[in-house]
There are 2 protein chains.
Amino acid sequence: MEFKRPPTIRDVASAAGVSIATVSKFINGQQRFSPEVEQRLRDAIATLGYRLNQQARSMVTGQTRTFGLAILDVRNPHFANIVKGANRIALENDYNLLVVDLEERPSHERHLLEALSGRVDGLIVSSRIPDDSIEWLGELGKPVVFFGQHKRPGVRCVRTDGYRAGYLMGLHLVEAGRKRIAYLGFPKARWNSERLTGVRVALAESNQTVQEYAVEWPTLDGGQQAAAALLRSSQRPDAIVAYNDLVAIGLLHEAASMGIKVPDELAIAGFDDIPVSRFMQPPLTTVNMRSEEQGEAAMQLLLESVRNKSNMGRDILLEPQLVPRASTAPAGSQG
Amino acid sequence: MEFKRPPTIRDVASAAGVSIATVSKFINGQQRFSPEVEQRLRDAIATLGYRLNQQARSMVTGQTRTFGLAILDVRNPHFANIVKGANRIALENDYNLLVVDLEERPSHERHLLEALSGRVDGLIVSSRIPDDSIEWLGELGKPVVFFGQHKRPGVRCVRTDGYRAGYLMGLHLVEAGRKRIAYLGFPKARWNSERLTGVRVALAESNQTVQEYAVEWPTLDGGQQAAAALLRSSQRPDAIVAYNDLVAIGLLHEAASMGIKVPDELAIAGFDDIPVSRFMQPPLTTVNMRSEEQGEAAMQLLLESVRNKSNMGRDILLEPQLVPRASTAPAGSQG
DNA sequence: TTGAAAGCGCTAACAC
DNA sequence: GTGTTAGCGCTTTCAA
């Protein structure tokens, strides 16, 4: 089956015996015509199987009614939630959302983003590239909303307070009576140091310090791999805060394999509150970073930018929320 | 900050003192010019900050070097894996991939797909709409690869054998000594009945029958909600096969809350082998439905279609693989 | 090696 | 009500 050239308004026009302008106005519903003409138009469109070429339209209108969202990894439920939130708001406002997965590959990032920006009215970007390397974001010529902080004018930002998230977690563990608290981070991530600082400050208030470790990747496997070294050390922590829930789940699994009792011998916690965390055994303590709301907020900002034809205005900072569960219950409080 | 009209080749042309044809040829690298001209061109492009308008180009070339992928729900790791697979192959072949989340809403499906098809050279579609309602897929005027079966000419298909998957699972449970096996399905899904039939046939070979139940949604919460009724019944099953891993994990969690020992008192299994299944406590038995390879295969088919300018050729059927884990170990074989 | 001009499918301003 | 026409930004003959 070959793909023949699709019919254009010109084909419709000659089939219906009218001009192309008439066809254009008709399909845009911005004007009524005599009943007979409208009927001929409908017939012609139906028999030819005509469909509007969106590209051609946006060529002249300069609008696509589509937004783009670039995320680091669809496989991470945190990002999947962001997609959900952004998509919902977009659809409600009669915009489509196109998602691209950056695959955690900084080298491709710019290329993919430039390609995306050409097809949309604005974009939302999650990036791992350092601020000073993405100056070009503002030069895409389109409204951009960025996850994180970015001083560049013309780029608005959405984020959840990572410092506060870390602080809440640190406090929680101290209150649960933990004495040797470790942070298993992912240094390449933008939010890693905020979270770590939060934890550290909370511990400092009780004169505790935090041991630092790092994963290669912020994933289930990354957590599992890091676990071995961490859990076998002679001075094993009695609590581990992981960079995110995925890493925490990897840890949890490895701890179970090694016969370490969670939370009695070891407390484990993460960040993000991804859906599956509640279903773990034991359920995982975490901080809700409002992933879905981040997506929603970013999309709202984008809609504003497009409507005002400007990119001024406030950034958005969301408040994280501690979600205490069994994985950090005070030692001895449960079996 | 306002968004000014971006520079066009016409701006570059006049800045460099050449014609637009020269600019066009230069940026496409298909022709060399005198050193001085090339230098003027480079300067003009740099100072103006010129960037190619992809839309305008595809308007004339008829190519976008982009494919579209429509999935039912990004939040389901099965689909996230499909995205990964498809994206990898696309990138390797110098194509971009645009993903759209259908949000499990059949009403919007057609609209979203039509919008997407206008921006890409071909698409991969996962749908919940019955076959006879998506006849229009073939009329999108673009190559289409569909997940599932679809007799329509011009639409190629990729799927993993659901019947075989169910059969493997059924056999596994019978061999593990289970006597009252239930299937907790999601009837709205295309693959539900294949899987059920497979299970049923496997059980029939040992003269067993299967009890059927259904979830509202194929999600963690869906599984948890269905669990209550199912687990409290007087004739409680000693094994439950869930529609997918998410549902199984919901079940697993609820069983734990109710103090039911898995696998001793109850075996639980799912389909898909999503990454987190291996990390559950106990690790979840499942059938690997080759999600990522489905995405890869679909993209390969699409590339073929585009290269041959035709949509003929074979469909692809992948073999599922049983992944036995602790959640279905024979009763009494472990604590 | 360079340029003029036609045209991709559509919209919008302006005639009639 | 309906038609003519000039582009949107680009590629691509074809000619010079």
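All heavy atoms count here, side chains included; hydrogens, waters and symmetry mates do not. The sequence lines fix the lettering, A, B, ..., with proteins before strands; numbering per chain opens at 1.
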Interatomic distance, Phe26(B) CZ vs dT11(D) P [rounded to whole Å]: 13 Å

Ionic contact status for Asp315(B) with Arg159(B), cut-off 4.0 Å: no

Under a 3.5 Å cutoff, is there a donor and acceptor pairing between the side chains of Thr66(A) and Arg119(B)? yes

ring-ring contact (aromatic ring centres under 6.0 Å, His included) partners of Phe146(B), counting only residues at least two apart: His150(B)

Which donor-acceptor pairs under 3.5 Å do the side chains of residues 91-98 of chain A make with protein atoms, sequence neighbours left out?
| residue | atom | partner | partner atom | Å |
| --- | --- | --- | --- | --- |
| Glu92(A) | OE2 | Arg88(A) | NH1 | 2.6 |
| Asn93(A) | OD1 | Arg307(A) | NH2 | 3.2 |
| Asn93(A) | ND2 | Ile89(A) | O | 2.8 |

Nearest 0.5 Å, please: how far is OH in Tyr50(A) from CZ in Arg10(A)? 10.5 Å

Distance, rounded to the nearest Å, where Arg40(A) contributes CZ and dG1(D) contributes P: 15 Å

Is the distance from OP1 or OP2 of dG3(C) to the nearest side-chain N or O of Thr22(B) less than 4.0 Å? yes

With rounding to the nearest 0.5 angstrom, report the CD to CG distance, Gln63(B) to Asp121(B). 5.5 Å

Quick one: what's the B/S/- string for nucleotides 6-13 of chain C, heavy-atom cutoff under 4.0 Å, read 5' to 3'? --BBBBBB

Would you mind reading off the distance between Gln31(B) atom CD and dT12(D) atom P, rounded to a whole angstrom? 12 Å

